[in-house]
Colleague: 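First the structure, then my questions, so here it is.
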Protein chains: 2
Amino acid sequence: MELRHLRYFVAVAEEGHVTRAAERLGIQQPPLSLQIRALEREVGAQLFRRRPRGMELTAAGRAFFTDAQEILQRVDHAFASTRRTARGEQGRIAIGFTNSAPFHPFVPRVIRAFRDGFPLVALNLEESGTSELVEALRAERLDAVFVRSSAPDYSGLAVHFLMEEKMMAALPAGHRLAANSGAKPLDLAALNAEPFVLYRRLAGPGFYDAIITACRDAGFNPTVVQEAPRILSTLNLVAAGLGISIVPASLQRMQMDGVVYRRLKTVRKLVAPLSLAVRRGEPSPAVGRFVDLVRKTAKAFR
Amino acid sequence: MELRHLRYFVAVAEEGHVTRAAERLGIQQPPLSLQIRALEREVGAQLFRRRPRGMELTAAGRAFFTDAQEILQRVDHAFASTRRTARGEQGRIAIGFTNSAPFHPFVPRVIRAFRDGFPLVALNLEESGTSELVEALRAERLDAVFVRSSAPDYSGLAVHFLMEEKMMAALPAGHRLAANSGAKPLDLAALNAEPFVLYRRLAGPGFYDAIITACRDAGFNPTVVQEAPRILSTLNLVAAGLGISIVPASLQRMQMDGVVYRRLKTVRKLVAPLSLAVRRGEPSPAVGRFVDLVRKTAKAFR
DNA sequence: TAAATCCATATCTGATACATATGGCAGATG
DNA sequence: CATCTGCCATATGTATCAGATATGGATTTA
């Protein structure tokens, strides 16, 4: 049996009249009559009762009619769905981001923009450390990853730089340098005697190394008294008075009791980049559309 | 597109290799390659990415693969389901019976036997008066009807006599003729001075007329002091002492306080038949099977 | 570098779907 | 009651299409 048989059958069932159904289908009455007979032979059941004035469905024919309509409907749906997927308008993509990425207002904004523009594409969101994310990207568990730093190894991946943001000092409330919050930016060198609390290097090597390098360029080695596993625990430790930290400016959206943010005088290397990494080669249409939107939105965001 | 295209596509998708898929399908590799290309043109999307060593699905191809498998599965299901319906092993039939029919042990038994034998056939059961049932049968709201009497007009219907049962006298407890319940059968003439409570003629004309005729043959006109709309209300009125009644023997399964059943000496015309009525012509396979089972079970029941 | 593997293209042929002509049957009509 | 009408079924011919065979092109493998 072929779909042609189902289409012919449904037409005859709806018309109750072979000649009218043939007209509707654009063929002549004898081949339609033959096709119905062939279908009945193949199904192994009589689907119509022949009358002098037209045909009527048997009980088996009524059962088959229901199924046939549904099958034809599903075929049309399959076509439409496949075309949408091919155009990237439908499907599923998995997006990863580092623990600090969501605090950057760009990331939630572009995710919302994508959802609005492509409601039929399902987004899976994953948050993890940079290394885990890159590994998942390579293993095809993730399709695109927002990263905030240079990973040790981006081979096989395409990394699209989106933007960068300044870093700020995070000081315990009551700290001698915390007065006049929002006033004149601090010299990085003013932090030379301070104990440092830094986001663990393994989780965010880009931040860690950038901070170390910037301090050395300012003339001192920072005293790292504690590494924190998460960006939030970094702030918690600062609030507890264990030391100071340097974090991306977007973190100041996270107002936390006991933490005061102070701007720093511009240090060329002390910035936090935001990039999107994907696998090289041919992305799925949905991933392609996502990358396009992210890059376009990043240009408009600056 | 035809089902052939779906079958070819699924085979290639599963094998990832056109030559192997062609072998599996029993055709040569070049026509299969052409059919896949034709399908991609018709869908309007590339379903496979060609590699030097085989083909792999695109995102659109993966979406289509899911749909194609489901469609082919539904086609097989439609065939099987239609065959079952054609064999009367599946479908739905509506059975009607008069208010008194369920008390005959045969009726629930044959219904259970049918359910056991054809679990995929759904039974709708309706209870009503004989006239309503016959009307519903003619209007195709019911497919088969158990009746207990001769309806005024069975034209256009086929009535299969199943069996008959004796009638019994239903007396108020304490009645002078109620003593020695189960003893020697009563003469019908012994009831000549009694007030009669009868099941309404409109609801069960066969019973009514048979009782009137039998009494006249026994030499008296029964004094009908009350007609009851339902067989149960007939018994209720007897229990209340309004009079006596004559009911099918199967009613004695309905033990009711205040009612005593007494057998009657055999009166040729005073029996309650049980018949199955269906429309003339070609019943659906499920109805045909039901009629067959009912008739066969009735023979074994006697 | 030659051979192997795999899909794509070209050409031919048999099978099949459809057109046309006509027949048969049951119901409608005069 | 005879004739006509409406509708599906059968017979025959033909154009189209699916599949076979032969061969080519590109990439990988030995």
Side-chain angles (χ1 to χ4, degrees), chain A residues 1-58 60-62 64-65 68 72 75 156 280-282, chain B residues 1-58 60-62 64-65 68 72 75 156 280-282:
Chain A
M1 187 188 65
E2 297 290 3
L3 289 177
R4 177 181 73 252
H5 294 100
L6 296 186
R7 295 190 177 103
Y8 289 0
F9 166 77
V10 166
V12 175
E14 286 175 350
E15 298 284 348
H17 193 285
V18 177
T19 308
R20 283 207 301 272
E23 286 165 10
R24 177 167 137 182
L25 293 162
I27 66 174
Q28 299 298 314
Q29 171 265 322
L32 180 54
S33 182
L34 283 173
Q35 290 286 336
I36 296 298
R37 295 297 279 262
L39 175 60
E40 284 176 318
R41 274 200 302 281
E42 192 169 347
V43 169
Q46 191 169 330
L47 303 174
F48 291 99
R49 195 171 294 119
R50 272 77 172 168
R51 298 293 194 213
R53 291 280 194 272
M55 321 234 276
E56 62 188 31
L57 286 166
T58 60
R62 283 194 291 277
F64 194 70
F65 180 59
L72 292 176
V75 166
R280 288 183 183 287
E282 296 163 83
Chain B
M1 187 187 66
E2 298 290 2
L3 290 175
R4 179 183 70 252
H5 294 99
L6 296 187
R7 294 190 178 103
Y8 289 359
F9 167 76
V10 166
V12 174
E14 286 175 351
E15 297 285 348
H17 193 284
V18 177
T19 307
R20 280 207 303 272
E23 285 164 11
R24 178 167 135 181
L25 293 163
I27 67 173
Q28 298 298 313
Q29 171 266 322
L32 181 54
S33 182
L34 284 175
Q35 291 286 336
I36 297 297
R37 295 296 282 264
L39 175 60
E40 283 176 318
R41 274 200 301 280
E42 191 169 349
V43 169
Q46 190 168 331
L47 302 174
F48 290 100
R49 196 171 293 119
R50 273 77 172 167
R51 299 296 194 210
R53 289 279 194 276
M55 323 234 274
E56 63 187 32
L57 287 167
T58 60
R62 281 193 292 278
F64 194 70
F65 180 60
L72 293 175
V75 166
R280 288 184 184 286
E282 297 163 82

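Residue numbering restarts at 1 for every chain, and letters A, B, ... go by the order of the sequence lines.
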Colleague: Looking at CD1 of B:Ile36 and CZ of B:Arg50, how far apart are the two atoms once the value is rounded to the nearest 0.5 Å?
Modeller: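 That separation rounds to 8.0 Å.
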Colleague: Pull out every residue in residues 44-51 of chain A that has a heavy atom closer than 4.0 Å to any atom of DNA chain C, ordered by number, or say none.
Modeller: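 Of all residues in residues 44-51 of chain A, none places a heavy atom under 4.0 Å from DNA chain C.
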Colleague: B:Arg4: what forms a side chain to side chain donor-acceptor pair (under 3.5 Å) with it, not counting sequence neighbours?
Modeller: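 By the side chain to side chain donor-acceptor pair (under 3.5 Å) rule, B:Arg4 matches no residue at all.
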Colleague: Please give, in whole Å, the distance from D:dA9 C1' to A:Arg37 CZ?
Modeller: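 Rounded to the whole Å, the gap is 7 Å.
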Colleague: Tell me, which of residues 5-16 of chain B have any heavy atom that sits under 4.0 Å from an atom in DNA chain C?
Modeller: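 Hits under 4.0 Å, by residue number: none.
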Colleague: So, OP1 or OP2 of D:dG6: does either fall under 4.0 Å of a side-chain N or O from A:Thr19?
Modeller: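 Looking at the OP1 and OP2 atoms of D:dG6, neither is under 4.0 Å from any side-chain N or O of A:Thr19.
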Colleague: So, taking the atom named CD in B:Gln28 and the one named OG1 in B:Thr19, what distance separates them when rounded to the nearest 0.5 Å?
Modeller: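 Answer for the CD-OG1 pair, B:Gln28 versus B:Thr19, is 9.5 Å.
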Colleague: If the condition is side chain to side chain donor-acceptor pair (under 3.5 Å), which residues does A:Arg53 pass it with, not counting sequence neighbours?
Modeller: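 Scan of A:Arg53 (side chain to side chain donor-acceptor pair (under 3.5 Å), adjacent residues dropped) gives none.
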Colleague: Please list all pairs meeting ring pair (Phe, Tyr, Trp, His ring centres under 6.0 Å) that have one or both residues in residues 19-53 of chain B, counting only residues at least two apart or in different chains.
Modeller: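 Counting only pairs at least two positions apart or across chains, the ring pair (Phe, Tyr, Trp, His ring centres under 6.0 Å) contacts touching residues 19-53 of chain B are B:Phe9-B:Phe48.
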Colleague: Per the ring pair (Phe, Tyr, Trp, His ring centres under 6.0 Å) rule, what does the pair list look like for residues 11-47 of chain B, sequence neighbours excluded?
Modeller: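 Not a single pair qualifies under ring pair (Phe, Tyr, Trp, His ring centres under 6.0 Å).
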Colleague: Roughly how many Å is it from CZ in B:Arg4 to C1' in D:dT16, rounded to a whole number?
Modeller: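 Whole-Å distance recorded here is 13 Å.
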Colleague: Under the rule for salt bridge (Lys or Arg N to Asp or Glu O under 4.0 Å), what residues qualify as partners of B:Arg7, not counting sequence neighbours?
Modeller: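 Testing B:Arg7 for salt bridge (Lys or Arg N to Asp or Glu O under 4.0 Å), a comparison that skips the adjacent residues, returns none.
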Colleague: Going 5' to 3' along DNA chain C, which nucleotides are the first and last within contact of chain A (any atom under 4.0 Å from a heavy atom)?
Modeller: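 Under 4.0 Å from chain A, the extent on DNA chain C is C:dA17 to C:dA28.
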Colleague: Holding to side-chain contact (heavy atoms from CB on, under 4.5 Å), I want the full list of residues that pass it with B:Leu34, two or more places apart in sequence or in another chain.
Modeller: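 Checked B:Leu34 against side-chain contact (heavy atoms from CB on, under 4.5 Å); zero matches.
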Colleague: Suppose we screen for salt bridge (Lys or Arg N to Asp or Glu O under 4.0 Å). Which residues come up paired with A:Arg24, at least two apart in sequence or across chains?
Modeller: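 Salt bridge (Lys or Arg N to Asp or Glu O under 4.0 Å) check on A:Arg24 returns A:Glu14, A:Glu15.
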Colleague: Polar atoms only, N or O, under 3.5 Å: list the protein pairs with nucleotides 20-30 of chain D and their distances.
Modeller:
from, atom 1, to, atom 2, distance (Å)
D:dA20, OP2, B:Gln28, N, 2.6

Colleague: Check whether B:Gln29 reaches the backbone of B:Ala22 with its side chain - one donor and one acceptor, N or O, closer than 3.5 Å.
Modeller: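 Side chain of B:Gln29 to backbone of B:Ala22, a donor-acceptor pair under 3.5 Å: no, none is there.
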Colleague: Could you pull out all residues at least two apart from A:Glu42 that satisfy side-chain contact (heavy atoms from CB on, under 4.5 Å)?
Modeller: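 For A:Glu42 the side-chain contact (heavy atoms from CB on, under 4.5 Å) partners, ignoring immediate neighbours, are A:Met1, B:Phe79.
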Colleague: Under a 3.5 Å distance rule, please check whether B:Glu2 uses its side chain to pair with a backbone N or O of A:Leu3 as donor and acceptor.
Modeller: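 It does hold such a pair.
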Colleague: What is the distance, rounded to the nearest whole Å, between atom CD1 of B:Ile36 and atom P of D:dG19?
Modeller: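 It works out to 12 Å between those atoms.
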Colleague: Are the side chain of A:Glu40 and the backbone of A:Leu47 linked by a donor-acceptor contact shorter than 3.5 Å?
Modeller: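 Here the side-chain-to-backbone pair exists.
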